[in-house]
Every structure is written in C-alpha cells, then in structure tokens.
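A short write-up of the structure that comes next.
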Amino acid sequence: MAILVTGGAGYIGSQICVDLLALNKDVVIVDDLSNSTLEVVENIELISGKKVHFFQVDLKNKIELDLVFRTFRFSEVIHLAGVKSVNDSIQNPLEYYSQNILGTIILLDCMKKNNVKKIIFSSSATVYGVPEKIPIAESAKTEPINPYGLTKLAIEQLLNALANANKDLSIVILRYFNPIGAHESGLIGEKPLSKPNNLMPFITQVAMKEREYLNVFGDDYDTKDGTGVRDYIHIADLSSGHIMALNYLDDFKGCETFNLGSGTGFSVLEIINAFQRVNGIHLNYRVVEKRKGDVAVCIADIAKAALLLNWRPNKTIEDMCKDSWKIQQMQSVALAKEEGIIIEKRKYELWIPQ
Ligand code: UDP
C-alpha cells in the first residue's frame with residue numbers, strides 16, 4: 001500500500017515525503033507544479049536515496065486523478081495541494097474556491113470510489129480569524145477574515161460532515177501556524193516562484209541583497225516591542241506532526257483537529273535579531289504602515305497535539321533562522337550556476353546523504 005501526498009513537491013509536502021521515505025513508505029506525489037519544480041522531486045530522491053512516484057496532475061483533472069487512484073492502492077492520503085496566498089485570495093476568490101474546494105471534492109470523490117478511508121488535511125491557523133484568547137485552542141471560534149481562510153474552513157466542515165455520515169472514515173485536520181526553516185540539507189525548502197508573502201522569505205531576500213529593505217508592518221501593536229507576534233514552527237517539526245498523525249489514524253475513526261505550532265510567540269523584531277545573530281548578517285529594515293488584515297498576536301495552544309498525537313516540536317528559533325538562510329543560499333548558488341555566473345565562494349556545505 002502506498003501513501004498519496006497531494007502537493008508533495010511543495011514547501012511542506014516535500015519535507016513530509018522525505019520523512020515518509022525514511023520510514024520506508026511507498027510515496028506517490030500528485031502536484032501540478034504551479035508553485036514548485038521537478039527539481040524538488042529530484043532532491044527528495046537525492047536526500048532519501050529512494051524513488052518516489054510523481055504525477056504532474058491538477059486535482060481538478062478528475063480523469064487524470066482517477067488514473068492515479070487506479071494505478072496504486074492507497075492506505076492514506078496526505079492532502080496539501082492548494083493555493084495559499086491570503087492577498088491573492090482577496091484578488092482572485094474564484095480561483096481560490098475552485099482550486100482548494102473543488103480540488104478537494106474531486107480528491108474525496110476519488111478516495112470514496114477507491115475505498116480509501118484515511119486522510120490528513122493541511123489546514124491553517126487562518127481559520128481562527130481574529131483570536132479572542134491567546135494561546136488559541138482548537139475549540140476557539142473559527143471566523144476567517146479572507147477567502148483563503150474561508151476555503152480552508154469550508155473543507156474542514158466538509159470533512160467533519162463526511163466523518164459524521166460515514167463512521168468508517170479516519171480524518172485528521174492539522175492547523176498550521178507559521179512554518180519556516182528548511183530541510184537541514186538545504187536542498188528542499190521554501191522557494192516561492194513569485195513574490196513571497198511571508199516574513200521569512202522577505203528576510204532572506206533582504207539578506208541576499210535582492211531587496212533593499214525589509215518592511216516591518218507596524219510597531220505600535222499591543223505586544224512586547226510593538227511588532228506583530230507569531231508562532232513560528234520549524235518545517236521539520238511540522239512534518240513530524242504529520243507522521244504522528246498517521247500513527248494516530250491507525251486506530252482512530254472520526255474527525256479530529258489539531259494545532260501545529262511551537263506554542264511560543266516571537267515578534268518581527270525578535271526574528272530579525274535572531275536571524276542577524278545566528279547568521280552574522282545585517283538586515284536593513286524600516287517600519288511602515290500596518291498590513292491590512294494582520295492581527296497583533298497569534299500563538300497556538302499545542303496541548304491537544306501533545307496529549308493525543310504524542311507530538312512535541314524540538315527545533316529552536318535559531319535552527320529556523322539558520323536553515324531558512326541556508327536554503328536561500330543554496331538556491332542562489334544553483335541559479336548562478338545555471339546562468340553561468342561566476343560567484344564568490346559562499347559559506348555553505350553541500351549535504352550528502354549517508
Ligand atoms: N511581516 C512584516 N514584513 C513582511 C512580512 C510580514 O513585518 O514583509 C510581519 C507581519 O505583519 C506579521 C509577521 O511578520 O506580524 C508574520 O507575517 P507572515 O505574513 O509571515 O504570517 P501571517 O501574518 O500570515 O501569520
């Protein structure tokens with residue numbers, strides 16, 4: 001039996017695939033490569049020394065997805081494929097509803113037809129909207145304030161309804177807080193194909209001197225230093241949360257939701273300082289207007305995941321800053337090589353699998 005990872009060539013999916021392969025699982029990736037490249041699939045294989053089955057398929061393409069389901073027998077599906085920019089979702093709600101919701105409906109239909117009963121769904125802390133209480137528990141109210149969050153919540157509701165209707169289904173919903181960092185090899189990590197949306201990719205671009213300044217969105221929030229506070233979680237810890245959720249699905253039926261965060265908050269200035277300290281790099285930044293729709297503080301209560309999944313994050317903010325910088329450097333070196341640009345030797349080592 002194989003595990004299907006939709007969006008397996010993406011930032012989070014690729015880490016999960018590496019961890020699954022390390023456990024000798026048979027991994028099938030379905031990804032439309034809209035925000036990734038084939039090189040990521042090659043790097044998953046390079047890191048793990050194992051083969052994955054890869055299909056460039058858009059989940060909305062029912063015929064092709066059906067074909068994948070008829071080629072393999074899946075024990076579980078880890079469903080990460082989707083579009084994920086809050087800003088884009090406000091500009092293009094139709095695309096977000098279609099890609100995320102329609103894509104998921106077609107996937108669930110294929111699962112039903114092929115008798116696949118276990119799924120882990122990649123959701124987001126965005127479903128909470130403006131939190132009433134910090135840290136945020138899974139039982140907090142869900143009132144997303146943008147179309148992206150609304151699509152995630154709609155899928156969560158659908159999954160809960162399915163579990164109610166069919167007592168044979170095993171579903172875990174994971175609400176991610178702010179994933180950063182990269183695989184320790186520096187071979188896979190966040191490589192947005194278009195302008196980034198999140199703090200860490202902007203920081204690394206400023207560090208690379210691809211951008212002059214980091215814009216700090218507001219410094220008069222009611223927080224320790226006035227800048228926004230978030231719960232950053234290393235991608236390796238996030239991935240291990242999925243592995244623990246897979247174990248949980250072994251003897252669980254129903255639908256259960258878990259937060260995956262570190263349970264600790266860092267302000268924008270604390271992240272800037274940690275990045276500078278760990279990597280010995282100066283970051284130019286300036287404080288600008290608050291970004292519309294941002295909340296002051298967002299921190300996860302991770303007690304439920306600790307209790308039921310037996311999962312705990314291990315990485316420090318220093319690990320996150322170090323690994324985020326490493327992947328950016330590796331990416332730039334690869335690009336420079338491709339374009340035949342001779343670059344000065346940088347501080348990094350190529351990681352070779354044992
Ligand atoms: N942020 C910032 N400058 C940027 C991007 C983000 O100051 O260029 C801040 C943002 O206001 C928030 C934090 O960094 O307080 C994390 O933002 P991100 O977009 O990464 O995550 P989200 O706001 O979606 O949790």
Side-chain angles (χ1 to χ4, degrees), residues 11-12 35 82-91 96 122-131 134-136 140 142-153 174-182 189-192 194-235 238 259-276 283-300 317 320-321 323-325 327-328:
Y11 174 39
I12 298 165
N35 193 29
V83 276
K84 61 172 188 179
S85 156
V86 168
N87 268 339
D88 285 356
S89 79
I90 296 167
Q91 309 302 327
Y96 272 69
S122 142
S123 188
S124 163
T126 321
V127 298
Y128 294 116
V130 182
I134 299 291
I136 310 170
T142 47
E143 262 177 33
I145 53 171
N146 53 63
Y148 165 68
L150 284 162
T151 64
K152 289 289 180 189
L153 185 59
L174 299 176
R175 292 179 178 155
Y176 308 155
F177 279 66
N178 291 60
I180 58 172
E190 193 165 24
K191 297 179 183 178
S194 48
K195 193 180 168 201
N197 297 295
N198 301 111
L199 179 63
M200 191 50 86
F202 274 119
I203 287 184
T204 54
Q205 288 186 358
V206 173
M208 287 305 292
K209 307 229 175 309
E210 287 169 14
R211 284 175 197 279
E212 210 178 336
Y213 292 102
L214 173 74
N215 288 324
V216 174
F217 298 140
D219 67 351
D220 59 354
Y221 284 109
D222 185 14
T223 59
K224 40 192 151 187
D225 58 25
T227 63
V229 169
R230 294 290 181 277
D231 180 328
Y232 297 93
I233 172 165
H234 194 289
I235 192 81
L238 193 71
N259 287 335
L260 290 185
S262 67
T264 312
F266 287 96
S267 72
V268 177
L269 291 184
E270 284 177 325
I271 295 290
I272 293 174
N273 287 334
F275 189 93
Q276 297 189 129
L283 294 172
N284 286 327
Y285 69 87
R286 59 183 177 187
V287 176
V288 298
E289 286 286 285
K290 283 180 181 160
R291 186 171 61 176
K292 219 174 141 235
D294 267 356
V295 297
V297 182
C298 186
I299 302 172
I317 199 68
M320 301 184 211
C321 291
D323 292 340
S324 292
W325 178 223
I327 179 81
Q328 174 73 46

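Read the numbers this way: they start at 1 and go in the same order the structure lists the ligands and their atoms. Note that the numbering runs from 1 along the sequence shown for the chain.
Partner Val268 forms a side chain to side chain contact (heavy atoms under 4.5 Å, CB included) with one of Ile203, Val216, Asn273 and no other, that one being Val216.
Partners of Thr264 under the side chain to side chain donor-acceptor pair (under 3.5 Å) rule, at least two apart in sequence or in another chain, do not exist in this structure. Take Tyr96 and apply the side chain to side chain donor-acceptor pair (under 3.5 Å) test, not counting sequence neighbours, and it matches no residue.
Of the inter-residue distances, the one linking Asp219 atom CG with Glu289 atom CD reads 10.5 Å to the nearest 0.5 angstrom.
The backbone N or O of Ile136 sits less than 3.5 Å from a side-chain atom of Asn259, completing a donor-acceptor pair.
Annotation: salt bridge (charged side-chain N to carboxylate O under 4.0 Å, His left out) contacts involving residues 224-235, sequence neighbours excluded, comprise Lys224-Glu270, Arg230-Asp294.
Near ligand 1, residues Asn178, Asn197, Asn198, Leu199, Phe202, Leu214, Asn215, Val216, Phe217, Gly228, Arg230, Tyr232, Val268, Arg291, Asp294 each place a heavy atom inside the 4.0 Å sphere around the ligand atoms.
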